[in-house]
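So the structure is just underneath, and the comments pick up after that.
Per chain, numbering begins at 1; letters A, B, ... match sequence-line order. Basis for what follows: all heavy atoms, side chains included, without hydrogens, waters or symmetry-related copies. Only a predicted model underlies this, so the values are computations on that prediction, with no experimental measurement involved.
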Amino acid sequence: MSRTTVAQILRSSNSPGSATVKGWVRTKRDSKAFSFIEINDGSSLANLQIIVDATIDGYETSVHSLRTGASIAVEGEVVASQGKQKWEMQAASLMVLGNSDEDYPLQKKGHSPEFLRSIAHLRPRTNLFGAVFRMRSRMAYAIHNFFQQRGFVYVHTPIITASDCEGAGEMFRVTTLDGKTLDKSPDEDFFGKPAYLTVSGQLEGETFACALSNIYTFGPTFRAENSHTSRHASEFWMIEPEMAFCDLQEDMALAEEMIKYLVSDALENCAEDLEFLGKFVDKGLLERLKFVATRDFERISYTDAVELLLKSDKKFEYKVEYGHNLQSEHERYLTEEHFKCPVTVYDYPVEIKPFYMRRNDDEKTVAAMDLLVPGIGEIVGGSQREERLDVLRANIKHHDLSEEEYYWYVDLRRYGSVPHAGFGLGFERLLMFVTGVSNIRDVIPFPRVPGSAEF
RNA sequence: UCCUCAGUAGCUCAGCGGUAGAGCGGGUGGCUGUUAACCACUAGGUCGUUGGUUCGAACCCAACCUGAGGAGCCA
């Protein structure tokens, strides 16, 4: 008989009749005449309760010695439960596929996220991580839906790249030189020049936007920053749409629309997992998500934001000053205390932003934007790109970059240049926002952070 | 890179200068449909590491390691 998932059984409205389920034992309660076994196969948060009478074949040898974590296959009749769940299974036969050693580390009680991180190979078997990673999968799917429905083309930008800097942080070097040859010149290395893991697919994305109009990337990126916070990882996934014939206004509108779309999709399709997360991880989660899905976001220029911060009674650890980046505490004040909703801050001072952002007519600011959300801070960063050849060239020079290195990027401005814009969305930051999980290491299957690349 | 806090049983923690403890988990047995089941018994620890102070250190001091939180950088 083919396998029925736990989710299929639990969600059926009529009695499903006889079925075979396979999964892992979450808990077992023995009585003299029978045992209750709860199994989970990851198809849903909830477990299926199975009643095994002691009269069943092999009860003494198999069921009695069954431990938490064991994998089993059970065939039986699904019947209405006398307990608090709707359905349960009366086992006709039970097969132990693999018992679990007695030192199985997952108990039938709450564990700290730090401990679970140390057993990242087993943590998807917990309610929390099952919920988080089902949602991660759903959100990835929803991201593709969002862009595909709008006619965006999915582009795979390279993971190994030779163009350095881009102003997006420290890079990991990729090399085949070993301990003996490490002092050799990069000319003799695998690619004939220094190569790195990408920190962003944006520049390559722009080349495709300048041909296919609307594109997006969705893939891993790497930053060798030595940052120790709950919001940074060395390897993370990023979504980067890029649109030709597009200005900053349309760019901001797309970012806001996207966040709303993803939050709505989660509410619609991850109800069971969200209910769990709202109960055990973040009490205000559902309320916040519903709020974000329905309410308009705020927008404020950098200049106005600075003024607003200066006028506020709030005491900040760091001074608010025009021309400086907004500190985390400033961003959080805007989104969490002042507006109490997602806020897009736009038109930043030219000095604090990278070379490719479009200079505004005031000559003091660039057409850049950051979308801030409560609890996380910056979740999206984007800009309209500089499409004017002479201005871009001057910027490259001003930032001490080599125009030769970026000849292909400059070429886009020589052959049919168009206004274009895009943004980057940190996938894990989105997941933190949508799941209420407060540490980035708990929304990525195997986190890589400075000093740690286990599993 | 900087600042702060924490490392005691498999897990969560108490003990804070005088012979190492609890709950949960594990093992064994019992049990009336249980649901983080219940009851009884039981095994389990170089108290993160290395030095120092002391008659005596899990406890005081120093350095280091690991983890967490925050800052910066960013997504």
Nearest-angstrom distance from the residue atom NZ of A:Lys108 to P of B:G23: 17 Å

Nearest-angstrom distance, P atom, B:G45 to B:G10: 8 Å

Residue met sooner reading RNA chain B from 5', once A:Glu378 and A:Gly451 are mapped to nucleotides: A:Gly451

Distance, P atom - from B:U42 to B:U32, rounded to whole angstrom: 24 Å

Under 4.0 angstrom between A:Arg441 side-chain N/O and B:G69 OP1 or OP2: yes

Contacting residues from residues 112-123 of chain A, given that a heavy atom lies under 4.0 angstrom of RNA chain B: A:Ser112, A:Glu114, A:Phe115, A:Arg117

Distance-only donor-acceptor test (3.5 Å): side chain A:Arg231, base B:A75: no

Residues from residues 312-324 of chain A lying under 4.0 Å of RNA chain B - heavy atoms: A:Tyr318

Aromatic centroids of A:Tyr216 and A:His144 separated by under 6.0 Å: yes

Minimum heavy-atom distance between A:Val199 and A:Arg223, given as atom pair plus value: O-NH2, 2.7 Å

From CA spacing to verdict: salt bridge (charged side-chain N to carboxylate O under 4.0 Å, His left out), A:Glu38, A:Lys108: CA-CA 11 Å; A:Glu38 287 192 38; A:Lys108 305 173 229 182; over 6 Å; no

Ring centers of A:Tyr154, A:His156 separated by less than 6.0 Å: yes

Same-atom distance (P) from B:A14 to B:A6, integer angstrom: 11 Å

B:U34 base / A:Gln82 side chain donor-acceptor hit below 3.5 Å: no

Whole angstrom value for the distance that separates C1' of B:A75 from CG of A:Leu326: 16 Å

Whole-Å distance separating the CG atom of A:Asp103 from the C1' atom of B:A9: 14 Å

Counter-base of B:U54, judged by Watson-Crick or G-U geometry with both distances under 3.5 Å: none

Inter-nucleotide C1' distance (B:U1, B:C73), Å rounded: 11 Å

Presence of A:Ser230 side-chain N/O under 4.0 Å of B:G70 phosphate oxygens OP1/OP2: yes

Whole angstrom value for the distance that separates P of B:G27 from CG of A:Asp101: 11 Å

Ionic contact status for A:Arg359 with A:Glu386, cut-off 4.0 Å: no

Side chain to side chain donor-acceptor pair (under 3.5 Å) partner of A:Thr365, the single match among A:Asn360, A:Asp347, A:Thr303: A:Asn360

Sugar-phosphate only, base, or nothing, as touched by A:Glu240 at under 4.0 Å among non-hydrogen atoms: nothing

Closest approach of A:Ala368 to A:Met357 (non-hydrogen atoms, all atoms of both residues): CB-SD, 3.4 Å

A:Glu170 and A:Asn226: side chain donor to acceptor below 3.5 Å: no

Watson-Crick or G-U wobble mate for B:A40, both contacts under 3.5 Å: B:U28

Check: A:Phe36 ring centroid to A:Phe34 ring centroid under 6.0 Å: yes

Within the 6.0 Å centroid threshold, strictly below: A:Phe222 and A:Tyr196: no

A:Glu378 bridged to A:Arg429 by N-O distance under 4.0 Å: no

Out of B:A37, B:U34, B:C74, whichever nucleotide has its closest atom nearest the side chain of A:Glu331: B:C74

Donor-acceptor pair present, A:Gln107 side chain and B:G26 base, under 3.5 Å: no

Sugar-phosphate, base or nothing in reach of A:Leu430, heavy atoms under 4.0 Å: nothing

Rounded C1' spacing from B:G33 to B:C38 in Å: 13 Å

Residues within residues 26-46 of chain A bordering RNA chain B, heavy-atom distance below 4.0 Å: A:Thr27, A:Arg29, A:Asp30, A:Ser31, A:Lys32, A:Phe34, A:Phe36, A:Glu38

Rounded P spacing from B:A37 to B:G25 in Å: 8 Å

Pairing partner (Watson-Crick or G-U wobble, both distances under 3.5 angstrom) of B:U1: B:A71

Whole angstrom value for the distance that separates C1' of B:G67 from NE2 of A:His228: 11 Å

Length of the line joining A:Tyr104:OH and B:G27:P, which is rounded to integer Å: 14 Å

Touch class at under 4.0 angstrom, heavy-atom based, for A:His232 against every strand present: base

Donor-acceptor pair (no angle test) under 3.5 Å: A:Lys109 side chain, B:C11 base: yes

Candidate nucleotides B:A71, B:G33, B:G26, ranked by approach to the side chain of A:Arg67 - the nearest: B:G26

Length of the CG-P vector between A:Leu106 and B:G26, whole Å: 12 Å

B:C74 phosphate, OP1 or OP2, under 4.0 Å from A:Asn325 side-chain N/O: yes

Ionic contact status for A:Glu242 with A:Arg385, cut-off 4.0 Å: yes

Nucleotide nearest A:Glu225 when distance is taken to its side chain, options B:G26, B:C73, B:U35: B:C73

Length of the CE-C1' vector between A:Met171 and B:C74, whole Å: 14 Å

Same-atom distance (C1') from B:C47 to B:U12, integer angstrom: 16 Å

Sugar-phosphate only, base, or nothing, as touched by A:Asn226 at under 4.0 Å among non-hydrogen atoms: base

Donor + acceptor pair across side chains of A:Ser301, A:Tyr348 (<3.5 Å): no

Sugar-phosphate, base or nothing in reach of A:Glu102, heavy atoms under 4.0 Å: sugar-phosphate

Aromatic ring proximity, centroids under 6.0 angstrom, A:Phe427 and A:Phe218: yes

Identified pairing partner of B:C64, criterion: Watson-Crick or G-U wobble below 3.5 Å: B:G48

Side-chain donor-acceptor pair present, A:Ser81, A:Gln85, cut-off under 3.5 Å: yes

B:A58 and B:C16, which share atom name C1', separated by this distance in whole Å: 8 Å

